[in-house]
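Per chain, numbering begins at 1; letters A, B, ... match sequence-line order.
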Amino acid sequence: MTPCALLRITLLTCCLHSTAVLAKEVQLFNDKGFWSAPLQTVANAARAEGISLKISPYANAEQYKTFIQASVASGRTPELFTWWTGASLNTLTATGQLAPLGALWKEMEADGRFQPGVKDLFSVGGQPYAIPLQLSRWVVLYDKRVFARLGLKPPANWAELQTVATRIKAAGQTPFLATTQDGWRGFIWFQELLLRTDPKAYVGLNNGSVAYDSPAVRNVFKIWSDMYAKGWFSDPRSNEEINDFVRGKGVMYLFGEWAVGLLGKAGFPLQELGVFILPNAPGVQQPAIIVEGAPIVVSRKGLANPDVMKTLRFWVSNQGAQTWGKASGNYIGNNKIAAPNAIVSQVNTQLAQTRHTMFLRWWENVPSALQGEMVAEFNRFMLKPDMNTAQNVMQRMQSLNTAYWSSRKKS
Amino acid sequence: MNPLMQHDQQLLARIGLAQIKARERARQGRQFRLALRFMAPALLLVTALLLLPVLYNIWLSFTQWQLFEGRDDFAGWQNYRQLWSSPYFDEALGNTALWVLASVLFPLTAGLGLALLFRQMPGQEWFKSIIFLPRILAPTAVGVMWYYVYAPQGMLNQVLGQFSSMPVETGWLFEEQLVTPAIILTFVWQSCGLVMVLLLLGLAALPRDPLEAARMDGARPWQVFRHITLPLLAPTLLMVVILSVLAGFTVFDLLWVMGANYPQQRTLSLAVFMYFEAFQKNNWAFAAATAVVIGGVVLAVTWLQTLLQARVDRMVR
């Protein structure tokens, strides 16, 4: 037999072998086009395990939502797709088309891969309906070089936070980076300040029991407005937030851990990046942290498909989570693997030392019908951060809130 | 001829005429059925792709349809009443009216000026191509590009900074008074090329005799333009106005991209309002009612303009 013929037979055998072993193709629909490459890396790793995973991204979130909504309405819900936690997940589970994943979570928690609190972020009415695509904690990233030059330490309490910001401002730099870029960022400082000053109000705000013009919210706007008056925030109109941090336009950056990879790509030396959790205001004892959990959900049809469930099990396995973490820098909450970067590792250590209560972001918690108009109001305040604007913003948000919750009661 | 015979002949003629008419009707019927057979594929497509969705949308606007919740109860005029009492709808209506006015006035003025300038200018092909170029770009891409031009550290401020001792950091899209003019400028930049080309075609088609006669009679260029060129160009101008009005009513991409993704009060048009209600808030039935209103207004305006077009055509003839 010639070497050429031998090669042909070998290739043919490999092809036949892989066709026989590979499962039927499973499509993961998502709106994360920007993560297509790392998702494909996971799909390649899954192939070695006999899983045929196809990544099907949509160009933007609006198109994607429309596709899923239309699929659900027509009763042809995709087997596997990404979604949002909180109010959006509640709405989707109400259709009865999503599969509960209690059995899978039991397996995941039994071997200590995931802490029990993580499941709650992906649950509706105590029943988990998703697994994490990512689990991002909202923390303050800071430039260690500036802190070292000014002899500063990460603040451990509210008073130290004020001191750090005052010293940075006095040194001629802007303490905090915060913009209205892409239209959705307006809620970031609001949610954090409310959680730090009144965690009960934070919960109540999102179920309609606390008003947007209540004393707790007014207090947040007062603190926020004072911080602006002291010149602690960067230009809210900038549309280059990540680059602004690299350029030193703000020394501290309150954002999800997922920004670490973007900062590295933009040229920030990651060994100079520090992290701390924003401290609570005086009188608030319970350590807390805001978490953004992006879910992967399965339809009822998907639950019955062994290939889909095999794909899900691979995703949350140590190998799957490790591959995804390395490729994207994202953490999914799996404790058994090394953190994808030093920042995630430090946050993990800090959270392990102190029992922090996890709170979903305002964005996921607020009903989707209110998201856009409310965040536009926060942005409006950031562009003119005085108490007159705040008053108007609070009134407008509360009228939207009242209209929404009263319409829910009627229906 | 006796009256009886005359009557018989008339009767026969009438019968003959009726037979001819009946034969003619039968022939027309055959022709219609034949035409219908040829038109059937197109009619089916128009019905399936245009008529049925429009009728379905009208039906939805009278329901409480929620995509996820599967509610489709009949709601009567509720969505329309809600639309009428919504403060956002008022803002959107006002802003759209402003947009329509601006999208007719400015591109028309700029396009007419450029068409007159380039009509006999040497090397005009190059200039025309350059001015038409933005038209081939997708409005979303244009919006993103100009978003960066107008940014506080953007190109416009950098250019203005060359003429100032202080750095210029105006946030053009963040100032209430500036955002609409800024977006209108972008719209004019993109649309005046097409208006210019249409008017150049209109100018090229004008009869030469009246223009030359006026010149020979000693009319000044402005008088020729005012009393000869402009009236003769009226049908083309009216067509451009119709296209501009429709573009103004349906403007979405630029406002959505440059209005920072979420409706700011100043950038909320009817189309943005409808999209926001449907895709952001899942108020599908309410959005359907908005679509019916937009469609109604556009139909009414187009009908008025068609009447005007007929009148202008009669005047020109």
Side-chain angles (χ1 to χ4, degrees), chain A residues 59-66 68-75 87-88 90-97 179-186 234-240 243-244 247 249 367-380 382-384 396 399-400 403-404 407 410-411, chain B residues 60 64-73 75 78 82 85-88 91 140 144 146-154 157 167 169-176 178-179 252 256-268 272-273 275-284 286-287:
Chain A
N60 65 49
E62 309 306 335
Q63 273 182 14
Y64 180 66
K65 268 170 78 177
T66 312
I68 296 292
Q69 285 167 348
S71 309
V72 170
S74 64
S88 302
N90 295 356
T91 316
L92 199 59
T93 51
T95 63
Q97 303 244 5
T179 74
T180 58
Q181 184 178 319
D182 299 334
W184 62 265
R185 286 165 160 80
S234 61
D235 187 346
R237 304 166 305 170
S238 172
N239 51 16
E240 295 183 25
N243 287 328
D244 282 350
R247 292 173 193 137
K249 297 225 168 172
S368 52
L370 293 175
Q371 277 173 342
E373 281 156 284
M374 291 276 201
V375 88
E377 291 300 310
F378 288 132
N379 288 342
R380 191 155 69 86
M382 286 173 72
L383 294 167
K384 202 170 175 229
R396 195 149 176 166
S399 68
L400 290 166
Y404 174 81
S407 74
K410 270 184 224 158
S411 61
Chain B
L60 278 187
Q64 283 185 319
W65 191 61
Q66 292 280 344
L67 201 130
F68 274 153
E69 295 168 21
R71 286 167 49 192
D72 56 357
D73 333 343
Q78 186 192 312
Q82 201 184 332
S85 59
S86 161
Y88 289 110
E91 276 171 25
T140 314
V144 172
W146 279 81
Y147 186 89
Y148 283 93
V149 169
Y150 286 134
Q153 291 85 26
N157 284 341
E169 290 198 345
T170 309
W172 296 88
L173 300 174
F174 293 94
E175 301 285 343
E176 278 204 4
L178 297 177
V179 58
F252 172 77
W256 188 258
V257 174
M258 298 178 80
N261 288 332
Y262 289 104
Q264 294 178 5
Q265 280 166 279
R266 296 274 171 175
T267 54
L268 187 68
V272 173
F273 176 78
Y275 183 87
F276 189 73
E277 288 295 333
F279 293 96
Q280 291 280 327
K281 297 173 73 176
N282 291 333
N283 284 339
W284 292 86
F286 185 61

Quiz item: To the nearest 0.5 Å, what is the distance between CD (Glu240(A)) and OH (Tyr148(B))?
Solution: 6.5 Å
Exercise. Quick one: pull up CH2 in Trp284(B) and CD in Gln69(A) and give me the separation to the nearest 0.5 Å.
Key: 5.5 Å
Quiz item: Between CG of Leu400(A) and NZ of Lys281(B), what distance do you get to the nearest 0.5 Å?
Solution: 7.0 Å
Quiz item: Excluding sequence neighbours, so at least two apart, what forms side-chain hydrogen bond (donor to acceptor under 3.5 Å, both in side chains) with Thr170(B)?
Solution: none
Practice problem: Could you tell me the separation between the CZ atom of Arg247(A) and the CD atom of Gln153(B), rounded to the nearest 0.5 Å? | Solution: 7.5 Å
Quiz item: Which answer fits Glu169(B), side chain, backbone, both or neither, if we ask what part of it has an atom under 4.5 Å from a heavy atom of chain A?
Solution: both
Quiz item: So how far is it from Glu175(B) CD to Leu383(A) CG, rounded to the nearest 0.5 Å?
Solution: 8.5 Å
Quiz prompt | chain A contact via Trp172(B) - which portion, at a heavy-atom distance below 4.5 Å | solution = neither
Practice problem: Please name all residues satisfying ring-ring contact (aromatic ring centres under 6.0 Å, His included) with Phe252(B), sequence neighbours left out, ordered by chain then number. | Solution: Trp256(B), Tyr275(B)
Practice problem: Provide the closest heavy-atom pair for Arg237(A) versus Gly171(B) in the form atom of the first, atom of the second, distance. | Solution: NH1-N, 2.9 Å
